[in-house]
Amino acid sequence: MQTNGAPKSPINALANGRSPAASERLQIINDEKKFTPDLGEQIQRWGLHDAGFGYNIVAVFGSQSTGKSTLLNGLFGTTFDVMDETRRQQTTKGIWMCRGQNMNVMVMDVEGTDGRERGEDQDFERKSALFSLASSEVLIVNLWEHQVGLYQGANMGLLKTVFEVNLGLFGKNATNGRTLLLFVIRDHIGVTPLANLQATLTADLNRIWESLSKPTELQDRQLTDYFDLAFTALPHKILAADKFQAEVLNLRTRFADKDAPDFLFKPAYHKRIPADGVAFYMENIWEQVQTNKDLDLPTQQELLAQFRCDEISTVALAEFNEQAKSQRRPVEAGRVVDGLGGMMRNWRTDALTRYDRDASRYHQGVYKRKRADLIAALDATLSPLFLGQLKNLHKTCLVAFKKEMLDGLHGEGYSFADVVATARQRCLGRFETGAKEALVEETDWTWEDEMISLKEEVGSVADQCRKDETKKMVNLIERNFKKQISEPVELSLNKAAPDMWDDILRTFKQTLEKAEASYLAKATSFDCTEEENAGSLAALRRRAWQALRAKIDEQTAEPVILSKLRGHFEERFRYDEMGVPRVWKPEDDIDGAFKKAKDETLDLVPLYSNIQPTDPSLEYTLPADSIAIPTDSLSGEEFDFAATLVVFTETRAIELTQKFRREADAYYVEAKRSTVASIAQ
Ligand code: GDP
Ligand code: MG
């Protein structure tokens, strides 16, 4: 294969106002009938790759050395080799291609199509005809004026081949394969008017058409069903050089100017191969032609579409993956990426737009199928990002919720229910906004399930908080309760009146009532269930009772109770009814007074021993549910309320009595001694 840039000097090229690449030519099929691997790249270099359908293809046919290359160079500013008169070198077989100067035209110079004339086989003639018809819009048939009317001549054989080949290609489907045959009659002297030449040629063409053996279903088809015919003549290039130039220029406008009345590249002739697919298409066509396979153009177009749509899709996907990669790490690291949805939508739209731009020109079925594949690939990449974002959102929203709860439950005067409601609303709102942002339209992605699970977790966090808060509140109430009962209970226990327990229980009940009321007042804001409230109240009652018992235990600990008894006794034995200290005289009934004070004091032991009010209505019983609450200890023992009513067991009562007796006896001895002492004075 050869690629020649001519003019070779870049300076010349620039002087001509074209980039050097634009004037490059390429032998697309060489004399060994091999197709070039470089056409795709060359089309890029010609700047036609992105032309879509906005380009044209023209090819020339005709005997050797009839000025075909000269004509093409004149018409399209191409750089095809022209036979050098001085050297008379043999023209090689093959097809060359150039880009038209300042025109989006691919020009094919088909060399050596006149094998017949040279006595060679017509293999290349047939193949190049097939190849040209499958891609070209205009086929220039170049001939000398003196060849016109030579029905048996080489040209006519060539045309017969063209017609046959065309029938095979577009037979059933004439509308898709319409081609313009432009006859250019060279060295027109002018004696025979063009109209006459045209009539002769047309008659010959029809005769050839008639002589073709057509398949039965195509018997009635006319030449004009497949071809438009146009005729033009050019004066002698050397003998009428100026007129020749002028006519060539004239003809050039008919190729170049879309608005010219006799514009030659009519849209109907276009073979609808997007420019970026021409190389692949032509190569395949040639491959088929070479291997003498049936050239089925619809199949070729589908193959082309598959290949190109895949290529276009791959490029779009690669760029897309590059973009998507940038956010994979942060998402995997647990970050909520701001505006991820927007980014994803943009990448996706960009990829599809890129794909649509290039691929939509190809076979629609293939284009759509590959588009669906592309979408699946895009979404498969995006979906983990979306799910990751949801998961991260879920986590951060929950963390924020916990923090807001903690902050909200700080200090005093807050309403638990309000704090929860606000935090919950903000948390779920944040999640929903974030999730909706991350959503990509046209996918079946959903975030609602994640939201449900978040709601559940928010609920259980709130529940835990409420339990903690309730506990805190119950503790506070318990502390207050202890403070409140401490003094009255101490006083009552000191007084040791017969209705001592009535007082204590009355205080207990009143204080507990207040505590319960204060619990209920606060609990309304906690949204606690009836059950939870009942539980909390039961715990409160039990703990209140235990607090009372603890106070009683403290006040009846041995040294304390002994001191109480001692005080009681002393008050009766060492002081008279007026509260004046007694000075014992010998005549005083020390024994009697001692016995009375002692008995009265010992009577207190049974009073202290059991929590037993005189008024039965004051008797207190812990409700069953308060008893059932397991204690904090791990003993697992059941709470025995009845046992808590016993302050001193019998044994302890006896012990206490004995200890007190000993102390009292000491007082008695002391009193006796004091009388002896006073007598002695
Ligand atoms: P090709 O083999 O058909 O491509 O013919 P070329 O373009 O290489 O030209 C072959 C020879 O014919 C060259 O020497 C040209 O100078 C000459 N030639 C080109 N155009 C014309 C023309 O219009 N009339 C005549 N008489 N000679 C021409
Ligand atoms: Mg030539």
Side-chain angles (χ1 to χ4, degrees), residues 1-4 6-7 23-31 33 58-101 105-120 124-125 128-129 131-132 136 138-148 150 153-159 162 181-192 194 197 231-252 255:
M1 298 295 153
Q2 330 168 226
T3 311
N4 294 329
S23 63
E24 280 168 5
R25 60 184 178 174
L26 179 70
Q27 187 177 28
I28 57 173
I29 291 158
N30 67 8
D31 49 2
K33 301 180 189 168
V58 59
V60 72
F61 264 53
S63 307
Q64 202 189 345
S65 297
T66 46
K68 297 188 299 292
S69 303
T70 306
L71 174 65
L72 293 181
N73 291 346
L75 287 176
F76 302 104
T78 47
T79 53
F80 296 115
D81 264 347
V82 170
M83 194 182 81
D84 185 347
E85 289 288 354
T86 59
R87 280 193 285 153
R88 279 257 153 216
Q89 92 266 38
Q90 185 72 40
T91 314
T92 52
K93 285 183 192 172
I95 300 180
W96 289 79
M97 193 187 266
C98 266
R99 190 209 144 136
Q101 186 179 356
V105 180
M106 296 182 214
V107 185
M108 292 196 288
D109 191 5
V110 184
E111 287 183 339
T113 42
D114 53 352
R116 186 183 310 267
E117 200 172 56
R118 295 189 299 188
E120 293 168 12
F124 183 74
E125 175 183 302
S128 54
F131 178 76
S132 303
S136 305
V138 177
L139 205 59
I140 298 177
V141 182
N142 191 57
L143 72 170
W144 299 121
E145 182 183 5
H146 61 75
Q147 287 179 303
V148 175
L150 296 179
N155 281 303
M156 295 304 130
L158 182 64
L159 285 167
V162 168
L181 294 182
L182 173 64
F183 288 84
V184 179
I185 299 160
R186 308 291 293 270
D187 287 2
H188 183 226
I189 302 164
V191 178
T192 318
L194 177 62
L197 296 170
F231 301 86
T232 192
L234 291 176
H236 198 289
K237 181 178 177 276
I238 295 139
L239 301 181
D242 289 350
K243 279 172 104 184
F244 176 82
Q245 285 301 330
E247 282 306 309
V248 167
L249 222 73
N250 231 347
L251 191 53
R252 175 182 164 85
F255 280 108

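Side chains included, hydrogens not; waters and symmetry mates left out as well; all remaining heavy atoms used. Atoms within a ligand are numbered from 1 in the order they appear, just like the ligands themselves.
Distances from ligand 1 to the non-hydrogen atoms of Trp96 include no value under 4.0 Å. Look at Phe244 and you'll find a heavy atom under 4.0 Å from some atom of ligand 1.
Taking only nitrogen or oxygen atoms, main chain and side chain alike, Asp81 does not reach within less than 3.5 Å of ligand 1. For a threshold of 3.5 Å applied to N or O pairs, the pair formed by Ile238 and ligand 1 contains no separation below that value. Considering backbone and side-chain N/O of Asp187, one or more are found under 3.5 Å from N/O of ligand 1. In terms of polar-atom proximity, defined here as any N/O pair under 3.5 Å, Lys68 does make such a contact with ligand 1. At least one N or O atom of Thr66 sits closer than 3.5 Å to an N or O atom of ligand 1.
Salt bridge present: Arg25 and Asp81 bring a charged side-chain N and a carboxylate O closer than 4.0 Å.
Between Ser63 and Gln147 the shortest side-chain heavy-atom distance falls below 4.5 Å.
Once rounded to the nearest 0.5 Å, the distance linking CZ of Phe124 with CZ of Phe131 reads 9.5 Å.
For the pair Val107 and Gly100, the tightest heavy-atom approach, listed with the atom from each and the gap, is CG2-N, 4.3 Å. Shortest non-hydrogen contact noted between Arg252 and Leu75 is NH1-O, 2.7 Å.
Heavy atoms of Glu111 found under 4.0 angstrom from ligand 1: none, in either backbone or side chain.
Atom numbering of ligand 1 starts at 1 in the shown order; those under 4.0 Å from a heavy atom of Val82 are 7 (O), 8 (O).
With a cut-off of 2.8 Å, the Mg ion (ligand 2) has no N, O or S atom of Ser65 in range.
Remark: the backbone N or O of Leu197 is not paired with any side-chain donor or acceptor of Thr192 at under 3.5 angstrom.
Taking each of Ser69, Ser65, Ala241 in turn, the one with a heavy atom nearest to atom 10 (C) of ligand 1 proves to be Ser65.
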